[in-house]
Amino acid sequence: MSTLILALAAGAVIGLALGALGGGGSVLAVPALIYLLGFTPAAATTASLIIVTATSATALYAHAASGNVRWKTGALFAAVGIPPAIAAAELAGRVPEALLTAAFAVLAVLAAFALFKAPTPGRQPGAVRPARAAGVGVGLGAVTGFLGVGGGFLAVPALVSVLGLRMRAAVGTSLLVITVNSLAALVARAGTPTPLDWGIIAPFTGAAILGAWDGKRLAAKISGPALQRAFSGALLAVAALMVTDALH
């Protein structure tokens with residue numbers, strides 16, 4: 001299968017997940033770039049930020065048009081994640097690539113379990129636990145910056161359980177958080193000389209953007225828990241692949 005077809009297929013799947021679930025798909029981007037498209041871990045995490053930023057912004061627009069974004073809540077949640085996202089992005093360029101791969105395998109497992117267990121409906125709109133919300137926002141920013149993922153699989157449950165948002169609003173609002181954190185991490189990495197193959201990144205991103213629109217429509221037709229469990233299985237398979245590769 002040609003590299004272009006692989007890039008288009010992987011991008012479509014990742015965009016579908018982001019559009020439907022507000023997260024989960026970006027965790028697949030880095031392994032796809034490494035194992036399917038031949039990127040190094042460092043280049044893959046940077047390229048993933050480019051893909052995730054563009055795709056999340058597109059999915060955010062789609063959800064905002066449906067009134068599913070709580071702008072003030074999302075902005076506050078994202079704001080506390082910007083400094084750790086920048087710091088972690090700078091740190092990522094200084095650690096061994098084997099450590100990045102191992103950390104990513106652990107993250108994939110955590111993401112799988114977070115997605116498999118669908119969050120319970122929010123308590124009530126506006127019920128906020130400030131300290132816990134700030135802690136989650138900081139952690140989310142750090143994960144985004146270090147591993148090049150949006151972190152929506154963490155953001156959606158947090159927005160539901162900590163901030164009391166309903167599921168649809170949490171998905172839409174998480175995309176605002178992902179877009180801001182990913183952009184901050186990407187800016188921090190701009191000064192790091194990492195070779196990037198735009199012949200792969202561009203079609204990958206284009207397919208992901210189109211997939212995000214389809215994901216938004218899919219979310220209206222299929223239950224959230226069913227979608228979450230499907231992507232959870234995919235993430236566990238990715239984690240197993242990365243662990244097996246590391247051991248050999």
Quiz item: Any side-chain heavy atom of Val69 sitting closer than 4.5 Å to one from Leu60?
Solution: yes
For [X] versus [Y], what's the shortest heavy-atom pair and its separation?
| X | Y | answer |
| --- | --- | --- |
| Thr205 | Ala54 | CG2-CB, 3.6 Å |
| Val138 | Pro84 | O-CG, 3.5 Å |
| Gly145 | Arg189 | O-NH2, 2.8 Å |
| Val177 | Gly74 | CG2-O, 3.7 Å |
| Ala44 | Ile34 | CB-CG1, 3.6 Å |
| Ala59 | Ala212 | CB-CB, 4.0 Å |

Please check if the side chain of [X] supplies one atom and the backbone of [Y] the other of a donor-acceptor pair under 3.5 Å.
| X | Y | value |
| --- | --- | --- |
| Thr55 | Gly15 | no |
| Ser56 | Thr53 | no |
| Thr46 | Ala43 | no |

Exercise. Could you walk me through whether Val52 and Ile178 pass the side chain to side chain contact (heavy atoms under 4.5 Å, CB included) test, one step at a time?
Key: CA-CA 8 Å; Val52 170; Ile178 293 168; 3.6 Å; yes
Under 4.5 Å between side-chain heavy atoms, hopping through other hydrophobics if needed: is there a path connecting [X] to [Y]?
| X | Y | value |
| --- | --- | --- |
| Ile14 | Leu210 | no |
| Leu8 | Trp198 | no |
| Leu76 | Leu175 | no |
| Phe39 | Leu4 | no |

Nearest-0.5 Å distance that lies between atom [atom1] in [X] and atom [atom2] in [Y]:
| X | Y | atom1 | atom2 | value |
| --- | --- | --- | --- | --- |
| Thr45 | Leu33 | OG1 | CG | 9.5 Å |
| Thr73 | Leu176 | OG1 | CG | 10.0 Å |
| Phe204 | Leu37 | CZ | CG | 6.5 Å |
| Ile200 | Leu6 | CD1 | CG | 9.0 Å |
| Ile50 | Leu183 | CD1 | CG | 11.0 Å |

